[in-house]
Amino acid sequence: SVADRALKSTSQFTSHLYDDGTYISRDAAVRLISCAYAYRMTSLQKYLDKALQDIKDVCVLETWGHEDSYLDVGELSAAVAITYDWIYDSMSEALRGTVVNALKTLALETSREDQWWYRRAGNWNQVCNSGLVCSAVAIYEHCPQLAQEVIDDAISTNRVAVEGIYAPDGAYPEGPTYWSFGAIFQTLMLTVFEDVFGTDYGISSAPGFLDTGLFKVFARGPNNMQFNYADSGLSATSAYPLFYFAYKRNDPSLLYAELKFLDEASYRNSGHKCYMIIPLKYAMRMNLEGVTGMDEKFYAAQGNVPLMMCRSGWEDDDDYLGIKGGKDGDLHGHMDGGSFVYYDEGLQWAMDVEHESYDNIRPPIHAMGGKLFDMSQTSLRWKLFRMHSRQHNTLTVNDKDHNVNAFVEMVSTENTPSRMGATFDLTPLFDGDLAKAERTAALCDDEYLEIKDVLKAPAGRSAHVRWTLMTKATPTVTSDGITLVSGSFRKKLQTQGGKVTYKIWSSDINDYDNILMKDGKPIESPLDSDISICGYEIDIPAGAELTLVTTMKQY
C-alpha cells in the first residue's frame, strides 16, 4: 500500500528542499496523509509513529517555501492540517503546539503578504487557497481572526478564479494534466467547506465548473492517450476528482474509464496518491455497478482555450480527434493555435510532442537571463524546439513565430452522424502575413480525418505556408501525397485545392540552429526516434485565396 511504502522512507525532513534543490512538499504529503489514514483504518502503531515523526519534522522547519514556490506551501499546509486533524487525539500537547505554530506562521501569516496568485485564474489559486483553508479550519480556535481572513479571501478570490478558469463549458486552459492538479485541490477545498460550514459558498455553481468532468473524460483518447496540449503529458492517468463531479452531476458514466484505473499502477504511483481520500468519500455515495460509457461522442467548449474533441466510440481502437484554439501565450502554452491530434487503432497518427522536463530546461534558460514561464513574445521559451509551431500540427507562415498574444477563436461546430468537427479563425496568429486563415478539423464517417484550411494572402505580398504533421507513423512522400505506416496499419495523407510540395523534415534537434542552444548544443533532449515530422509547403500569390483540403484515410 501507499502507507507501507511510506514506512520504508526513513529519511527525515530537515529542510523544505532536498539536496538537489527540489521540494519536499509532495513526498511529505504522501507520507503524512497516507500514514495518518492507515492508522485511522487499522489502529496499527507503526503508521501512527511514522505520521508523528514526519509531522514533527515538517513543523520545525524554518520555511515551507516562498513566493516562487508557494505551491509547496499550499501542498504542505493541506497535508499537515489533514494529518493534524486525523491524529490529534494521539498527539502530545507539545506537538500540537508545534503544529499549530507552523500552520499559523508558515502558512496563514505568509498568505497575508502580497501573494500574486490570489489574482490569478489558474492552478496556483486552487492549490494555495485549498491548503490555506485546510489550515485555517484546523487551527481556527487558536487564531480566529487570522483564520477567518484567510477563509474569506479564499471564498472571494477562488470564486473569481473558478469563473475565469472553467467558464462557460468546463474546459481547462492549462491542459488535462494540470486539470488534475487544480481539480484535486479545488474539490478538496469545496469538500472541506461543505463538511465544516454546510455550503461551498456557491463556488461549484460557477459557470462551467460542474461541466469540467466532461472535459477531462473527453480529453482522454483511446489507449489512455490524452489530448496533451499545453505542458500536459501524453499518458492519461488517474483523475481522482472525477468521483466528485460524477456524484455532483449524478452521472456515473463519467467514471467509465476511471474505474479501470483502480487496478492499474497509476492510482498507486500518482504524485498525489494521498488524495485518494477524495474518490473514497464520493464513491461510497454512488452505485458504481455496471457503469457504462456515455452515449455522447462530441464535446466542444468556448472559453480561454476553445476546443473540440470527438470520437467514434469509447474503446481503444476507435478514432479520436481533438483541436484547440486560444492564446499561445497563456500559462503553460505552446505555439499551437489550431493544432490537432488524431488517434486511431490506439496509434498516434497526429500527435502533440510531450514537453521537456522543467528540471532540464529551466536552469539553462535562467542562466541565459530568461524565465521558462515568461510568456511574452520575446521570451526564450519560444526558442525551445518543442514549443514552436514548426513542431505542432498547425501552420507556420513565412517562417515566423506565432503572435503569442493573438486569440484563436472557435467560430462554429458541427455534430452530425457523418461529421463531427469545428472551425477556428487562425488569422490573428500571423500578424498580417495572411489576410485570412480559417481551419476546420473534422472526423468524417467515424473513420477518417479531414483538415480544411481556407487561406488568403494579403493584397500586397505572397505568403509561404508550412503545414506540419507530427506523427508516430513512418512517412514516405509519393507522387500523390504522403503514405504513413505504423505497424500493419497504413494511411494516406493527401491535399487538394492547390499545388503543394510534400515534405519530410528532420526530427533530429541537432539539425536545427534556430532553437535554444548552450555551448553549441540544444538544451533539450532528443525526440523519440520514432517521431517524424512531415506535411507540405505552398506559396500563395498576393491576394489569392485557396481552400486546401487535407485528408488522412486508411488504405
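Predicted model, so just to flag it, every value in this text is computed and none were measured.
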Which residues satisfy the salt bridge (charged side-chain N to carboxylate O under 4.0 Å, His left out) test with D530, sequence neighbours excluded?
K472
Go through the structure and list residues passing ring-ring contact (aromatic ring centres under 6.0 Å, His included) with F185, not counting sequence neighbours.
F181, H272, Y275
Only counting residues at least two apart or in another chain, list the ones meeting side chain to side chain contact (heavy atoms under 4.5 Å, CB included) with D231.
Y178, H332, H334, H355, Y358, F373, R381, M387
Those residues at least two apart in sequence (or on a different chain) that pass salt bridge (charged side-chain N to carboxylate O under 4.0 Å, His left out) with E447 are none
Sequence neighbours left out, cut at 3.5 Å: what donor-acceptor pairs do the side chains of residues 361-372 make with other protein atoms?
none

The criterion is side chain to side chain contact (heavy atoms under 4.5 Å, CB included); which residues satisfy it with A435, sequence neighbours excluded?
K456
With rounding to the nearest 0.5 angstrom, report the NZ to CZ distance, K503 to R466.
9.5 Å
Can the ring centroids of Y166 and Y172 be said to lie less than 6.0 angstrom from one another?
yes
Report yes or no: is the cationic atom of R311 (NZ for Lys, CZ for Arg) under 6.0 Å from the centre of the six-membered ring of W314, at an angle within 45° of the ring normal?
yes
Name all pairs fulfilling the side-chain hydrogen bond (donor to acceptor under 3.5 Å, both in side chains) condition that reach into residues 538-548, sequence neighbours left out, sorted by first residue then second.
H464-D539
Residues at least two apart in sequence or cross-chain that pass salt bridge (charged side-chain N to carboxylate O under 4.0 Å, His left out) with K491, listed by chain then number, are D344
For Y282, which residues count as a side-chain hydrogen bond (donor to acceptor under 3.5 Å, both in side chains) partner, sequence neighbours excluded?
T191
Using the salt bridge (charged side-chain N to carboxylate O under 4.0 Å, His left out) criterion, which residues pair with D316? Sequence neighbours excluded.
none
Across all chains, not counting sequence neighbours, the ring-ring contact (aromatic ring centres under 6.0 Å, His included) partners of F385 are Y512
On the ring face of F407, is K327 found with NZ or CZ under 6.0 Å from the centre and within 45° of the axis?
no
By side-chain hydrogen bond (donor to acceptor under 3.5 Å, both in side chains), which residues pair with N393, not counting sequence neighbours?
none
